[in-house]
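Have a look at the structure below, then the notes.
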Amino acid sequence: TNLWYALTSFLEYLRSEEWEVTFVFDGSTHEFKDDTYKVRAESAHLDADKVVTGLADGSENVNPLLAGRMIAECLESMRIETVVADFEADAVVAAVAQERGGMVVSNDSDLMLMDVRGFIDVQDFLAISEAAPSFMEPARLWSLLGLNAQDLGIFAGLSGNDFVDFGELKFWHTWIRRDFTAGLPALQVVAKFVKKCRQECVRINHS
């Protein structure tokens with residue numbers, strides 16, 4: 001099929017350039033994210049309906065039927081290393097990248113906050129044969145936000161997550177703007193809030 005040919009050609013190109021690639025996949029879905037998965041499934045169904053009825057505008061993302069199985073068989077036939085996480089793969093992706101000293105290639109922005117060598121967006125990586133992909137160093141992002149590694153968990157949770165309705169977080173983001181510079185992006189406001197909390201904890205511990 002066209003998908004098989006495209007994938008094998010791309011992987012052969014990476015091999016020719018001496019890239020070592022490991023694919024990490026999500027495992028079982030977690031009940032805490034049932035609502036998130038439901039929304040994603042509904043969105044996928046709507047996209048499929050648009051394509052079938054001729055109403056698509058090009059922004060739809062519809063995976064071919066059995067694409068996942070075909071990709072798995074392709075990786076196995078080419079003896080590409082694969083890892084399947086127990087649940088969501090984020091932490092496993094970061095662990096594999098740390099172990100190998102490699103880059104993370106993903107469209108999941110959560111991995112931009114993990115302690116890895118670098119993050120490459122999937123779309124940039126897919127065009128690697130045309131131009132060297134740009135990559136972002138998470139440590140530099142932390143530095144720009146004035147955060148340290150210990151701040152990242154609370155920063156990520158307060159910025160947005162799958163367990164709290166974003167409408168509620170958006171209200172909270174608006175509320176904390178009263179104490180910080182107006183007009184800043186929400187992420188910078190949250191970073192300032194986290195830094196202020198850290199400084200207050202240090203003050204209390206030393207008082």
Side-chain angles (χ1 to χ4, degrees), residues 22-40 43 83-125 128 132-207:
T22 300
F23 280 73
V24 183
F25 295 98
D26 288 329
S28 302
T29 57
H30 199 293
E31 61 181 5
F32 289 142
K33 294 193 65 174
D34 282 349
D35 289 342
T36 299
Y37 294 127
K38 181 179 179 181
V39 170
R40 291 176 182 173
S43 177
V83 177
V84 180
D86 289 334
F87 294 105
E88 281 203 337
D90 293 7
V92 178
V93 170
V96 171
Q98 289 170 354
E99 179 184 303
R100 313 290 170 81
M103 300 280 187
V104 168
V105 178
S106 178
N107 60 4
D108 189 339
S109 59
D110 290 353
L111 288 155
M112 296 172 65
L113 291 175
M114 295 194 177
D115 187 12
V116 296
R117 178 182 167 195
F119 175 92
I120 303 175
D121 183 77
V122 168
Q123 296 305 317
D124 278 352
F125 191 70
I128 193 173
S134 57
F135 70 93
M136 191 272 300
E137 296 178 71
R140 290 195 176 189
L141 173 62
W142 309 344
S143 178
L144 288 172
L145 292 171
L147 302 174
N148 58 43
Q150 288 72 40
D151 296 328
L152 295 181
I154 187 66
F155 170 74
L158 293 176
S159 297
N161 59 78
D162 294 320
F163 305 99
V164 179
D165 181 79
F166 190 71
E168 296 180 23
L169 278 177
K170 188 174 181 180
F171 173 80
W172 182 78
H173 290 164
T174 302
W175 178 78
I176 64 171
R177 285 178 189 273
R178 299 181 306 173
D179 298 323
F180 299 102
T181 305
L184 285 177
L187 290 183
Q188 287 184 257
V189 174
V190 175
K192 283 179 172 289
F193 177 79
V194 172
K195 285 189 293 182
K196 183 177 180 180
C197 291
R198 173 172 21 99
Q199 293 165 355
E200 184 64 14
C201 287
V202 170
R203 185 189 67 79
I204 292 173
N205 289 335
H206 287 81
S207 62

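Residues take their numbers from the sequence shown, with the count starting at 1.
- Listed by chain and residue number, nothing satisfies the side-chain contact (heavy atoms from CB on, under 4.5 Å) test with Glu99 (two or more places apart in sequence, or in another chain).
- In this structure, Arg117 contributes its side chain and Met103 its backbone to no donor-acceptor pair below 3.5 Å.
- Val24 and Ala89 make their closest contact through CG1-CB, 3.8 Å (heavy atoms, listed as atom of the first residue, atom of the second, distance).
- Here the side chain of Asp26 pairs no donor or acceptor atom with the backbone of Glu88 at under 3.5 angstrom.
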Next item on the list: Could you walk me through whether Gln123 and Asn107 pass side-chain contact (heavy atoms from CB on, under 4.5 Å), step by step?
Entry: CA-CA 8 Å; Gln123 296 305 317; Asn107 60 4; over 6 Å; no

Just distance, no hydrogens or angles: give the donor-acceptor pairs under 3.5 Å from side chains in residues 132-140, sequence neighbours left out.
{"from": "Ser134", "atom 1": "OG", "to": "Asp124", "atom 2": "OD2", "distance (Å)": "3.1"}
{"from": "Glu137", "atom 1": "OE2", "to": "Arg140", "atom 2": "NE", "distance (Å)": "3.2"}

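- Residue Ile154 qualifies as open at atom CD1: its count of foreign heavy atoms under 6.0 Å is 12 or below.
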Margin query: side-chain contact (heavy atoms from CB on, under 4.5 Å), that's the test. Do Gln188 and Leu145 meet it? Break it down for me.
Written below: CA-CA 7 Å; Gln188 287 184 257; Leu145 292 171; 4.2 Å; yes

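- Evaluation of the side chain to side chain donor-acceptor pair (under 3.5 Å) rule for Ser143 yields no partner, not counting sequence neighbours.
- Val105 pairs by the side-chain contact (heavy atoms from CB on, under 4.5 Å) definition with Ile120, Val122, Phe125, not counting sequence neighbours.
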What pairs of donor and acceptor atoms, side-chain ones from residues 146-153 against any protein atom, are under 3.5 angstrom apart with sequence neighbours left out?
{"from": "Asn148", "atom 1": "OD1", "to": "Gln150", "atom 2": "N", "distance (Å)": "3.0"}
{"from": "Asn148", "atom 1": "OD1", "to": "Asp151", "atom 2": "N", "distance (Å)": "3.1"}
{"from": "Asp151", "atom 1": "OD1", "to": "Arg198", "atom 2": "NE", "distance (Å)": "3.1"}
{"from": "Asp151", "atom 1": "OD2", "to": "Asn148", "atom 2": "N", "distance (Å)": "3.0"}
{"from": "Asp151", "atom 1": "OD2", "to": "Arg198", "atom 2": "NE", "distance (Å)": "3.0"}
{"from": "Asp151", "atom 1": "OD2", "to": "Arg198", "atom 2": "NH2", "distance (Å)": "2.7"}

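- Evaluation of the side chain to side chain donor-acceptor pair (under 3.5 Å) rule for Gln199 yields no partner, not counting sequence neighbours.
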